[in-house]
Amino acid sequence: MTELLAGWIAHQRWFAGKGRPIDELDIESDVELVPRLRHLILRVRQGDDLDRYQLLLGTGGDTSGRFSHVRIGEGYYDAAHDADLTCVLLDGMAEDRDTGPLRMRHMPGADIDTSLRSLVLGAEQSNTSLVYGETYICKLFRRLIPGVNPELEIVRALAARDAQHIARPYGWIETDLDGVPTTLAITQEFLSTANDGWALALASVRDLYASLTPSASEAGGDFSSESYRLGVATAEIHSELAATFPTSVMEAHEVKQLIEDQRRRLIQMVEEVPELGRHAHVVQEAYQRVADTAYEIPVQRVHGDYHLGQVMRTPTDWIVLDFEGEPGQPLEERRALSSPLRDVAGMLRSFDYAARHLLAGHPRAEELYPRAVEWAELNRSSFLAGYSAGGGRLQAQDAVLLRALEMMKAVYEVGYEARNRPTWLPIPMAAFQAER
Ligand SMILES: Nc1ncnc2c1ncn2[C@@H]1O[C@H](COP(=O)(O)OP(=O)(O)O)[C@@H](O)[C@H]1O
Ligand SMILES: O=P(O)(O)O[C@H]1O[C@H](CO)[C@@H](O[C@H]2O[C@H](CO)[C@@H](O)[C@H](O)[C@H]2O)[C@H](O)[C@H]1O
């Protein structure tokens with residue numbers, strides 16, 4: 001069984017150790033949820049790294065027919081895709097049920113409709129999401145890090161304050177790992193009439209490329225008013241986070257330490273992706289400027305992995321999803337207080353991504369390139385204007401920090417793309433050439 005699981009897990013989108021051999025896989029926990037459905041926690045060793053993943057294992061299913069696309073082995077399959085079985089999660093949360101070491105819980109006052117059937121959301125990324133009817137979305141965290149997931153921690157606290165711009169939480173599933181309560185899944189309101197920011201931004205970029213109008217602000221799909229509103233919403237979320245969780249100030253010596261840590265991260269990334277080496281001096285310069293400025297930086301809880309795929313536009317509002325920080329970072333780092341400009345930098349990078357990614361392999365790439373740059377600049381500045389108008393702190397001296405934070409994010413993206421989508425690698429690489 002463990003060999004079977006090792007062969008399967010290595011090819012999953014959410015498996016963080018892709019490209020490295022699995023030395024050992026063992027089953028840490030195996031709980032029968034209902035007949036034919038087991039909840040497994042797997043421990044995967046790759047060299048010195050030991051990671052845990054969770055899996056809903058269906059047994060005795062038709063793996064040459066209905067479940068052939070999620071087959072693990074003869075009769076075994078990924079039961080996240082079996083709506084006849086996944087109803088147990090919703091039932092369990094509605095009833096606050098304990099099954100062996102698993103605890104399923106609902107939010108106080110949440111009335112969960114347990115008649116709804118689930119479908120796996122198409123866009124499987126770092127985690128797997130089940131959509132029940134058009135009402136709930138239950139995100140199963142695939143790679144498990146001991147502790148309460150920051151997404152649950154933040155959304156629960158903001159919902160208690162009736163904060164705007166979040167998807168209402170309904171329930172969660174947890175267990176103990178290494179003796180600490182650890183979030184396995186979180187169920188939230190499914191925004192059935194919303195579009196994600198990435199899809200909306202791309203529609204605008206496509207429109208610009210197809211249109212004959214000379215500038216990004218005149219094309220029919222102008223996105224800049226949305227970027228502005230997103231900036232306002234981002235500032236408002238930051239202010240809710242600052243009001244809900246502790247805030248502090250990073251003193252000059254701590255800023256220097258942060259820069260040292262980032263320099264180390266850069267060197268490690270160059271070892272992993274040698275072509276980044278050509279641009280390392282650009283990143284180092286941006287870091288040096290922050291170290292030289294030596295000013296105090298206000299810090300607070302932030303989103304941590306903010307990009308256009310993490311925000312959704314409902315008919316009336318921008319909603320922010322996925323407050324869990326960068327996948328793969330240790331929990332204490334993901335919960336650490338940071339400058340809110342880190343999120344601002346993340347979104348600025350995302351505008352660059354949206355503008356550039358349609359150009360890869362495009363026959364008119366050279367001709368369209370200036371339009372991509374113009375689209376990115378327009379939306380970046382609209383977002384920043386909205387952020388200031390919404391009360392976000394953006395002072396003249398912050399430009400140096402913002403630039404360095406963009407470089408940090410681009411270095412992270414280089415690693416992310418090299419591991420997950422190598423053909424996208426040129427997008428973050430271009431960030432080191434842009435003069436801003
Ligand atoms: N509450 C929600 N309502 C509607 N769609 C959602 C919701 N939460 C997530 N999604 C969709 O799922 C995608 C991935 O969600 P996300 O939470 O970012 O998962 P991951 O951690 O795997 O990246 C989003 O881009 C969005 O399209
Ligand atoms: O959404 P996740 O928490 O899984 O975040 C990871 O995957 C993202 C890609 O889906 C990645 O974001 C990068 O690609 C986006 C376009 O697909 C782009 O909008 C972002 O700016 C870019 O960083 C994210 O970095 C990663 O953590």
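Both counts, for ligands and for their atoms, begin at 1 and track the order of listing. The basis for the numbers below is simple: all heavy atoms, side chains too, and nothing from hydrogens, waters or symmetry mates. Sequence positions, counted from 1, serve as the residue numbers for this chain.
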TODO: Please state whether R421 comes within less than 4.0 angstrom of ligand 2, counting heavy atoms only.
DONE: yes
Open item on the list: With the threshold set at under 4.0 angstrom, would you say M347 reaches ligand 2 through any of its heavy atoms?
Closed with: no
Open item on the list: Just by distance, no angles: are the side chains of Q288 and R263 close enough, under 3.5 Å, to form a donor-acceptor pair?
Closed with: yes
- [ ] State the atoms of ligand 1, each with its element, that fall below the 4.0 Å cut-off from a heavy-atom position in L121.
- [x] 11 (C), 12 (O), 13 (C)
Task: Under 4.0 Å to a heavy atom of E324 - the qualifying atoms of ligand 1, by number - done: 21 (O)
TODO: Sort out for me which residue in R143, E324, R142 forms a side chain to side chain donor-acceptor pair (under 3.5 Å) with N127.
DONE: E324
Task: Numbered atoms and elements of ligand 2 in range of W424, under 4.0 angstrom, heavy atoms - done: 16 (C), 17 (O)
TODO: Identify, by atom number and element, the atoms of ligand 2 in contact range of D322, meaning under 4.0 Å from any of its heavy atoms.
DONE: 3 (O)
Task: Region of T128 that comes within reach of ligand 1 [heavy atoms, distance under 4.0 Å] - done: neither
Task: ligand 1-proximal atoms of N127, by part, heavy-atom distance under 4.0 Å - done: both
Ionic contact status for [Y] with [X], cut-off 4.0 Å:
{"X": "E326", "Y": "R265", "result": "yes"}
{"X": "E153", "Y": "R334", "result": "no"}
{"X": "R168", "Y": "D162", "result": "no"}
{"X": "R229", "Y": "E226", "result": "yes"}
{"X": "D352", "Y": "K409", "result": "no"}

Considering distance alone, does some N or O of [X] sit under 3.5 Å from an N or O of ligand 2?
{"X": "Y353", "value": "no"}
{"X": "Y416", "value": "yes"}
{"X": "E413", "value": "yes"}
{"X": "S350", "value": "yes"}

Give the residue, atom name and distance (to 0.1 Å) of the protein heavy atom nearest [atom].
{"atom": "atom 25 (O) of ligand 2", "result": "Y412 CE2, 3.3 Å"}
{"atom": "atom 5 (O) of ligand 2", "result": "D305 OD2, 3.0 Å"}
{"atom": "atom 8 (C) of ligand 2", "result": "H307 NE2, 3.7 Å"}
{"atom": "atom 4 (O) of ligand 2", "result": "S126 OG, 2.6 Å"}
{"atom": "atom 10 (O) of ligand 2", "result": "Q125 OE1, 3.4 Å"}

For [X] against [Y], the heavy-atom pair lying closest together:
{"X": "Y136", "Y": "D111", "answer": "OH-O, 3.6 Å"}
{"X": "L402", "Y": "L341", "answer": "CD1-O, 3.7 Å"}
{"X": "L140", "Y": "A185", "answer": "CD2-CB, 3.9 Å"}

Quick check: does [X] get an N/O under 3.5 Å from an N/O on ligand 1?
{"X": "E189", "result": "yes"}
{"X": "L191", "result": "yes"}
{"X": "G309", "result": "yes"}
{"X": "Q188", "result": "no"}

TODO: Measure up the F223 and W375 rings against each other and bin them: parallel (under 30°), tilted (30 to 60°), perpendicular (over 60°).
DONE: parallel
- [ ] Evaluate whether atom NE2 of H69 has more than 12 neighbouring non-hydrogen atoms of other residues, nucleotides or ligands under 6.0 angstrom away.
- [x] yes
Task: Q395, CD atom: more than 12 neighbouring heavy atoms under 6.0 Å - done: yes
TODO: Just let me know how Q310 lines up against ligand 2, side chain, backbone, both or neither, with a heavy-atom cut-off below 4.0 Å.
DONE: side chain
